[in-house]
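Chain A is the first sequence line, chain B the second, and so forth, proteins listed ahead of strands; every chain is numbered from 1.
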Protein chains: 2
Amino acid sequence: MDDLYRAIADPTRRAILDELVQRDGQSLFEICGRLVMKHGISSSRQAISQHLEVLEAAGLVTVEREGRYKFHWFHGEPLEAITRRWPAGAKRRSDR
Amino acid sequence: MDDLYRAIADPTRRAILDELVQRDGQSLFEICGRLVMKHGISSSRQAISQHLEVLEAAGLVTVEREGRYKFHWFHGEPLEAITRRWPAGAKRRSDR
DNA sequence: ACAATACGCAAGCCAAGGCTTGCATGTCAA
DNA sequence: TTGACATGCAAGCCTTGGCTTGCGTATTGT
């Protein structure tokens with residue numbers, strides 16, 4: 001529950017989510033390449049791998065091993081907890 | 001835009017938002033007291049004040065000075081950017 | 001005016017976290 | 001089987017950020 005907010009706190013992890021939404025089921029190397037190409041992020045492979053672990057712990061990314069590859073899928077359901085917790089509707093202060 | 005995710009990354013700040021949703025328009029001292037009472041959080045007044053600055057920078061809290069008091073209101077609209085960015089609907093991986 | 005109240009500013013401490021580096025493991029193709 | 005490829009593990013560095021401490025400012029009540 002707490003991992004969710006930590007997961008989306010990092011801009012690189014948010015870019016990873018953007019990437020997976022745009023093209024689901026990518027491997028680690030695919031993600032690394034696309035982050036450099038389209039998001040200007042050039043972190044090491046290990047750094048991205050650690051980010052993916054955090055996203056997986058938060059339930060925002062689903063993983064499946066296939067041979068020597070590991071594919072990643074986006075899973076947005078945990079995000080609903082945020083708008084369920086606070087009324088996102090534009091609540092303005094009432095005049096006093 | 002980036003401040004939003006940092007703002008809700010901290011559990012104390014999330015508790016502050018919970019408090020303001022439950023009782024809008026509190027002063028700093030009121031918030032401090034209620035955090036101790038109902039959330040078991042006992043940080044110093046300055047710590048809470050700094051948290052409120054972060055929340056204000058993220059647009060999640062509206063502030064109005066009145067004499068020697070400073071009142072705080074919850075404003076949930078920025079949160080909509082999250083579910084607008086990623087489809088929160090439970091998207092599952094497609095079989096391969 | 002004076003003291004108490006409510007809050008702001010700024011420096012410093014310390015733990016958490018993001019990143020790198022180096023090595024290890026496992027898988028596939030030739 | 002051997003080498004190339006895709007990933008995992010672990011230790012260390014270094015910045016970020018949350019918290020405290022001490023002092024300063026402004027407002028209110030008596």
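For the pair A:I31 CD1 and D:dA6 C1', the computed distance is 13 Å after rounding to whole Å. The CG atom of B:L28 sits 15 Å away from the P atom of C:dT5 (whole-angstrom rounding). Rounded to a whole Å, the CG atom of A:L52 is 13 Å from the C1' atom of D:dA6. Nucleotide D:dA4 holds its P atom 15 Å from the CZ atom of A:F29, rounded to whole Å. For the pair B:E56 CD and C:dC7 P, the computed distance is 13 Å after rounding to whole Å. Atoms CD (B:E53) and P (C:dA10) sit 11 Å apart, rounded to a whole Å. If you take CD of B:Q26 and P of C:dA6, they are 14 Å apart, rounded to a whole angstrom.
Across B:L17 and A:W86, no two heavy atoms sit closer than the pair CB-NE1, 3.4 Å. Looking at every heavy atom in both residues, B:A58 comes nearest to B:L4 through CB-CA, 3.8 Å. Counting all heavy atoms, side chain and backbone alike, B:A57 lies closest to B:D3 at O-OD2, 4.0 Å. Nearest heavy atoms, A:A7 versus A:R13: O-NE, 2.7 Å. Here the closest non-hydrogen pair linking A:W73 and A:L20 is C-CD1, 4.3 Å. The nearest pair of heavy atoms linking A:A47 to A:S43 is CB-CB, 3.8 Å.
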Checklist outcome for this item: 5' to 3', nucleotides 15-27 of chain C under a 4.0 Å protein heavy-atom cut-off (B base, S sugar-phosphate only, - none) gives --SSBBBB----B

